[in-house]
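As structure tokens, the structure follows; a few thoughts come after it.
Below, read A as the first sequence line, B as the second, and so on, with proteins coming before strands; counting in each chain starts at 1.
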Amino acid sequence: MLDARFVRENIDLVKKSLGDRNSTLPLEEFLGFEEQRRILLKEAEELRNKRNVVSEEIGKLKTRKQDASKLIEEMKGVSDKIRELDEKIRILEENTNEFLLNVPNIPDKTVPVGKDETENVEVRRWGEPRQFDFEPLNHWDIVEILDIVEFERAAKIAGARFSLTKGYGAKLERSLMNFMLDLNTSKGYKEVFPPILVNRESMKGTGQLPKFEMELFRIADPEFYLIPTAEVPVTNIHRNEILNEKDLPIYYTAYTPCFRREAGSYGKDVRGLIRQHQFNKVELVKFVKPEDSFQELEALTNNAEDILQKLELPYRVVALCTGDMGFSAAKTYDLEVWLPGQQRYREISSCSNFTDFQARRANIRFKREGKKGTEFVHTLNGSGLAIGRTLVAVLENYQQKDGSVVVPDVLRPLMGIEAIK
RNA sequence: GGAGAGGUGGCCGAGCCGGUCGAAGGCAGCCGCCUGCUAAGCGGUUGUGGGGGUAAAACCUCACCCAGGGUUCGAAUCCCUGCCUCUCCGCCA
């Protein structure tokens with residue numbers, strides 16, 4: 001969320017940002033509410049001041065056993081008046097808050113302006129797509145040959161868009177998870193294993209709510225939400241906290257299952273493991289000082305890339321344009337891995353700098369050494385990596401003519417075999 | 001699930017038969033003084049957010065004693081609801 005004062009003082013910037021993101025909001029109405037709110041707030045505060053002063057006077061009279069009934073009579077009703085004003089202010093605040101919660105983050109100056117994913121900009125490529133001397137298979141065919149993933153039985157147990165890995169499929173998934181966590185922790189990320197059911201406040205803190213309710217699974221009674229990404233619980237670790245400057249930056253990495261409704265994606269990726277209601281992911285999360293955040297985004301993206309490099313999977317890095325970027329992000333790089341079965345690059349990681357957008361919502365601040373007051377931290381996160389899609393990439397890139405799949409070097413100690421046959 | 005106890009400032013901990021309490025006292029921290037150095041000692045100081053104010057400060061003001069309501073001229077203190085923590089019993093991966 002943006003700061004109310006920031007919006008009213010930078011109205012043109014906000015207008016441009018909304019335009020670049022293909023969205024509109026009633027800015028003038030917001031300004032009106034804000035103005036009105038501040039007027040009433042002042043009025044209410046003056047009344048409170050009067051109440052404080054006179055009540056203190058009454059207190060003094062009473063302790064001296066003097067008559068205060070006149071003052072008390074005079075003050076009757078003042079609290080009711082304050083209550084009335086408070087109610088009006090509360091409604092105005094609700095309006096402005098409602099508005100602010102729906103304003104997306106301002107894109108960084110370096111973000112390419114564009115209307116949709118076709119205007120994203122490729123930043124770099126790594127690795128050469130392998131040349132096959134046979135027609136490479138889709139992963140859904142590979143897993144069937146190797147008998148390492150069940151779709152029909154998963155559908156029986158749960159429903160469409162669920163899967164069940166088994167044998168070396170399950171072990172590959174576990175190996176990838178360990179490989180990623182170990183690599184990330186070796187770079188200074190602290191491993192955490194958070195709750196995967198969270199409350200509304202946490203979902204608001206990272207920006208999933210109120211706008212994206214339809215993408216979340218919810219438990220009704222008692223109310224909990226299933227996390228769509230570890231970003232939610234991990235960023236909320238420090239909700240409502242004031243951190244010390246010397247503790248920053250803080251780096252976390254977490255493995256969690258992730259749950260997404262995938263509403264509105266009925267036709268997309270119906271086969272295979274690409275788009276599931278439940279999938280595994282290792283996430284990277286950073287809390288940093290404002291002046292460092294864009295450089296930290298580059299580093300975080302590099303850390304995610306390193307996983308692909310060690311797995312020797314070809315990929316490219318794409319800078320998302322204003323029209324394609326997520327609601328809370330100021331800047332985002334997607335990593336897209338090469339899938340021979342589909343002959344195209346597919347998203348496997350998304351790394352974003354949220355600047356102070358999430359921190360303001362989640363109220364995560366820090367205090368500079370020797371300075372008064374507090375500032376909001378900047379938060380960042382990125383997948384490092386989506387495990388299901390990494391599994392797909394390994395299977396498709398390492399497949400052999402005979403249907404077997406060679407295990408990437410770095411995974412062999414974990415898998416205990418050289419190939420899945 | 002049953003029975004109790006409790007949530008106060010960076011920490012510990014008073015206050016809780018309503019008034020001068022942003023909150024005693026201690027510890028930690030910071031600034032001075034003192035001391036050959038260290039320790040002890042002495043004096044002062046130390047929260048967050050909002051509104052106004054300023055070139056920036058100073059300053060003025062409002063709110064905050066888990067959260068949200070209520071009673072009252074006035075609430076950390078009384079009442080209600082919720083959340084969380086702890087102890088005992090039961091149940092359980």
Per the ring-ring contact (aromatic ring centres under 6.0 Å, His included) rule, what does the pair list look like for residues 23-52 of chain A, sequence neighbours excluded? F30(A)-F99(A)

Here the residues of residues 89-98 of chain A within 4.0 Å heavy-atom distance, strictly under, of RNA chain B are none

For RNA chain B, what residues of residues 31-43 of chain A have any heavy atom nearer than 4.0 Å? R38(A), L41(A)

Integer angstrom distance from the [atom1] of [N] to that of [M]:
{"N": "C62(B)", "M": "G10(B)", "atom1": "P", "value": "22 Å"}
{"N": "G6(B)", "M": "G49(B)", "atom1": "C1'", "value": "28 Å"}
{"N": "U35(B)", "M": "G41(B)", "atom1": "C1'", "value": "10 Å"}
{"N": "A5(B)", "M": "A58(B)", "atom1": "C1'", "value": "48 Å"}
{"N": "C91(B)", "M": "G70(B)", "atom1": "C1'", "value": "39 Å"}
{"N": "G13(B)", "M": "C21(B)", "atom1": "C1'", "value": "16 Å"}
{"N": "A28(B)", "M": "C11(B)", "atom1": "C1'", "value": "7 Å"}
{"N": "U48(B)", "M": "C34(B)", "atom1": "C1'", "value": "36 Å"}

Holding to ring-ring contact (aromatic ring centres under 6.0 Å, His included), I want the full list of residues that pass it with F151(A), two or more places apart in sequence or in another chain. none

Under the ring-ring contact (aromatic ring centres under 6.0 Å, His included) rule, collect the residues that match up with F366(A), sequence neighbours excluded. none

Salt bridge or not between [X] and [Y]? Use side-chain N to carboxylate O under 4.0 Å.
{"X": "K88(A)", "Y": "E84(A)", "value": "no"}
{"X": "D324(A)", "Y": "K115(A)", "value": "no"}
{"X": "E296(A)", "Y": "K289(A)", "value": "no"}

Check whether any side-chain N or O of [X] sits under 4.0 Å from OP1 or OP2 of [N], and answer yes or no.
{"X": "K50(A)", "N": "C62(B)", "answer": "no"}
{"X": "N240(A)", "N": "C66(B)", "answer": "no"}
{"X": "N49(A)", "N": "C62(B)", "answer": "yes"}

Provide the Watson-Crick or G-U wobble partner of U46(B), both distances under 3.5 Å; none if there is no partner. A28(B)

Base-pairing mate for C59(B) - Watson-Crick or G-U, with both contacts under 3.5 Å: G52(B)

When you compare the protein's N or O atoms with those of nucleotides 70-74 of chain B, which come within less than 3.5 Å of each other, and at what distance?
| unit_1 | atom_1 | unit_2 | atom_2 | d |
| --- | --- | --- | --- | --- |
| U71(B) | OP2 | R83(A) | NH2 | 3.4 |
| C73(B) | OP1 | K76(A) | NZ | 2.4 |
| C73(B) | O2' | S55(A) | OG | 3.4 |
| G74(B) | OP1 | S79(A) | OG | 2.2 |
| G74(B) | O4' | S55(A) | OG | 3.1 |

What's T63(A) touching, base or sugar-phosphate or nothing? Going by heavy atoms closer than 4.0 Å. base

Does the base of G52(B) carry an N or O that pairs as donor and acceptor with the side chain of E45(A) under 3.5 Å? no

Kindly point out which of U61(B), G51(B), U48(B) is positioned nearest to the side chain of R8(A)? G51(B)

Between N353(A), D108(A), T110(A), which is the residue that forms a side-chain hydrogen bond (donor to acceptor under 3.5 Å, both in side chains) with K331(A)? T110(A)

Which pair of non-hydrogen atoms, one from I274(A) and one from Q342(A), has the smallest distance, and what is that distance? CG1-NE2, 4.1 Å

